[in-house]
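Protein chains get the first letters and strands the later ones, always in sequence-line order, with residue 1 at the start of each.
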2 protein chains.
Amino acid sequence: MRRRPQITIDVVAAEAGVSASTVSHVLNGRADTARISQSTSERVRDAARRLGYTPNHAARSLRRQRTGVVTVLAWRLSSPFFADIATGVRNVAQRHGFQVAVIDAGALDREVEIRALASLRNGICDGVVVATGTHSRRGPNTDALLELAASGTPVSLVLDRSPDPAIPAIDVDHLGGSYLATKHLLELGHRRIAHFTFADSPLEPDAPGSPAARFLGYRQAFAELGLEPDPAWLVRGGREIEGGRTMAHGLFARFPNPDQRPTAIAAFNDRTAIGVIRGCYEAGITVPEEIAVIGFHDIPTARYTTPALTTIGHPLIELGEMAADSLFVLLQGGEVAERDRTVPVSLVVRESCGAQRKNGLGGLHA
Amino acid sequence: MRRRPQITIDVVAAEAGVSASTVSHVLNGRADTARISQSTSERVRDAARRLGYTPNHAARSLRRQRTGVVTVLAWRLSSPFFADIATGVRNVAQRHGFQVAVIDAGALDREVEIRALASLRNGICDGVVVATGTHSRRGPNTDALLELAASGTPVSLVLDRSPDPAIPAIDVDHLGGSYLATKHLLELGHRRIAHFTFADSPLEPDAPGSPAARFLGYRQAFAELGLEPDPAWLVRGGREIEGGRTMAHGLFARFPNPDQRPTAIAAFNDRTAIGVIRGCYEAGITVPEEIAVIGFHDIPTARYTTPALTTIGHPLIELGEMAADSLFVLLQGGEVAERDRTVPVSLVVRESCGAQRKNGLGGLHA
DNA sequence: CTGAAAGCGCTTACAG
DNA sequence: CTGAAAGCGCTTACAG
């Protein structure tokens, strides 16, 4: 385990009795275009293997002017859908012979994202898939993103909206998904449906960002039946599981009388929904019998909650693959074909809205 | 958004009317040791800012012979405790002015880990924290790990056992934790306690790896009461949530008669426990009333399951920090002080074993 | 107080 | 069929 001296290409060349150029040619598969003889190639390969030679990354990157690495900037490392997205990026990167590294964008702390974006400007990687979901409204972090792109590092967004024609983005159909979710609840007979969303996002119909789109889809589903949701059913709160739990308790506090309380909750996403289920459990309100809960995203754990989550699904891994595909188009000098693309979503019926049970054991809702 | 021409140090030097050396001195905070005048420094800094200069990472790394990056090799990106560990590594790395990148080790696919380990040998980073938990038994992946260390890249393990005196490792007290968990169940009156573990791990008392240590702790808790667990209570299966779910169903199939069925399950970890809770729900067996479930690791979501998970806890972020501390000792030329370190664990009582309720509302178990 | 020069370890166009 | 040489963009010991 003693640290060996550094094995450079010159050491290999000396060992094989050839020049460094020859070693480089052989090891980079240019043996025939450089017309290196069979036997020389063998000798070089043997020497390299014997010495455990690995070309130095920094030197190679400097010379080639590319690193062979793409980076995924993740909203939060522990975010469940991000892991699937990274897997999608990896699939594509592998096909192109690239490695992928993941770095954390600090979740709610935009400063971390800004620093990360700035640190990527030095050519440490050849391109970055940004999965922070923070660029639909322009802020200093988006400035940092544009700086990165302007400095020559191709960038592609996923689960977000493009801030610039030169930057491709892919997102899911938030409006359609929210519409589907609400419609599912309406069809199950629910009329008082709560809509949970983030406290810090604008909700005007023309506002940017997924919360506004989701709210619109929710209202559209009601409108289709000639109905309008009560503004008191709109609950705004924090992110993650804890946010969902807190919003659930907030809703129950707002509606102490069970007869007026919403009978269903459209949570902002699956994590929120998990928190909502937990909040209901704490309040002694059973899901789905007393209240239905629907999520969004269909994260891998959604099928394992009790009750299993009814949610809006879309292909997470493919989302990563599509974002990576766009990135590689740019990497190869191509142009952005379509600035914002949208992936369709579908309803995934499990147990948390009672529909499964309804079909199997008879209806529980009017 | 047009891609700008590359701004090198020479461009900055020209703009400021000085040499590249001067720019380098100023920008690296060596202005005074190199005795650069106040005004020149200003001029250089201005020019750099104006041009948006960022030192090229590859060139700098090549010259300095270090990259300023440490890598975390994660068993699986979506693994919940790994995210916390990466956070711990980040905390420490930040203090040292290092960036951290995360790469995926492919979970059960050891080939991915081997390739990743090999790809890190080219000096793409200065050190790596390995969080794959796969090195307590020696296999080809451990060979790749030793190769990496031998090639001069410092390595530190977390949630694993060290395969070599030159490699520090930090793990939690698996034996003690399992003992605590089992003892908790015994104290609650349970006598038929199932132990869930992985199918592919040796369980002999002296076998390497956490499953053997856990099994030992389980038996020790029984032994303390002069008891011995029935071998039929040992269930072996797959990983992740699905593994837990499957093992739960396996147990119920093995014990069709509820009067003989174990009244408690010590799951291998929190993910397994989540699967077990799900399996119980599917089988119509209520937790904790009809069966108690205990986990291991206290992942962030453990408090949000229904019922909330009683589990064995330990500081996940600090585990990452400690592994990173060891890495930086090596990075600075230090020696491994202690090959294998162990972090203590503690019992985290929530709802899934009924203890919470027992205290509050009277006992449910004999 | 500042600059010229060497060199980190590669790759590649070119010469022979 | 193979090698000498230039150069990628930095940093740093050294000279003045």
Worksheet, complete the sentence: Heavy atoms of A:Leu108 and A:Trp75 approach each other most closely as CD2-CH2, 3.5 Å
Discussion item. Could you write out DNA chain C as dot-bracket? Rules: Watson-Crick or G-U wobble, both distances under 3.5 Å, brackets [ ] for crossings, | for pairs with another strand, dot for unpaired.
Written reply: |||.||||||||.|||
Worksheet entry | Closest listed nucleotide, where the reference is the side chain of A:Ile9 and the choices are D:dA4, C:dT11, C:dT2 | C:dT11
Practice prompt. Report the distance from atom CG of B:Leu319 to atom CG of B:Leu159, rounding to the nearest 0.5 Å.
Written response: 5.0 Å
Discussion item. Over all strands shown, is B:Thr40 touching base, sugar-phosphate only, or nothing at heavy-atom distances under 4.0 angstrom?
Written reply: sugar-phosphate
Discussion item. Closer than 4.0 angstrom, basic N to acidic O: yes or no for A:Arg43 and A:Asp46?
Written reply: no
Item to complete: Rounded off to whole Å, could you give me the NE2-to-C1' distance for the B:His25 and C:dA4 pair?
Response: 12 Å
Worksheet item: Of the candidate nucleotides C:dA4, D:dT2, C:dC10, which contains the atom at the shortest distance from the side chain of A:Arg60?
Response: C:dC10
Discussion item. Checking side-chain polar atoms at under 3.5 Å, does A:Asp126 have a donor or acceptor matched by the opposite partner on A:Thr67?
Written reply: yes
Worksheet item: Does the side chain of B:Ile9 come within less than 4.5 Å of B:Ser24's, by heavy atoms?
Response: yes
Worksheet entry | Nearest-angstrom distance from the residue atom CG of B:Asp10 to C1' of D:dC10 | 9 Å
Worksheet item: Which part of the nucleic acid does B:Asn28 contact within heavy-atom distance under 4.0 Å: base, sugar-phosphate only, or nothing?
Response: sugar-phosphate
Item to complete: Measure the shortest side-chain to side-chain distance between B:Ile114 and B:Leu117 over non-hydrogen atoms and say whether it is less than 4.5 angstrom.
Response: no
Fill in: Distance, rounded to the nearest Å, where A:Arg35 contributes CZ and C:dA15 contributes P
15 Å
Worksheet item: Within a strict 4.5 Å, meaning less than it, do heavy atoms of the B:Leu145 and B:Leu157 side chains meet?
Response: yes
Worksheet entry | Spacing between B:Arg30 atom CZ and D:dC10 atom P, to the nearest angstrom | 14 Å
Worksheet entry | Residue whose closest nucleotide on DNA chain D lies nearer the 5' end, B:Asn56 versus B:Thr22 | B:Asn56
Worksheet item: How close or far is atom P of C:dC10 from atom CG of B:Asn122, stated in whole angstroms?
Response: 10 Å
Return the polar atom pairs (N/O with N/O) between nucleotides 5-8 of chain D and the protein under 3.5 Å, or none.
unit_1 : atom_1 : unit_2  : atom_2 : d
D:dG7  : N2     : A:Arg63 : NH1    : 3.3

Worksheet item: Given that B:Gly17 and A:Ala58 both sit by DNA chain C, which one's nearest nucleotide is further toward the 5' end?
Response: B:Gly17
Worksheet entry | Interatomic spacing from OG in A:Ser78 to CG in B:Leu77 - rounded to 0.5 Å | 11.5 Å
Response to the item:
So CG of B:Asp104 and CD of A:Gln99: to nearest 0.5 Å the spacing works out to 12.0 Å
Worksheet item: For C:dT2, does either OP1 or OP2 sit under 4.0 Å from a side-chain N or O belonging to B:Ser37?
Response: yes
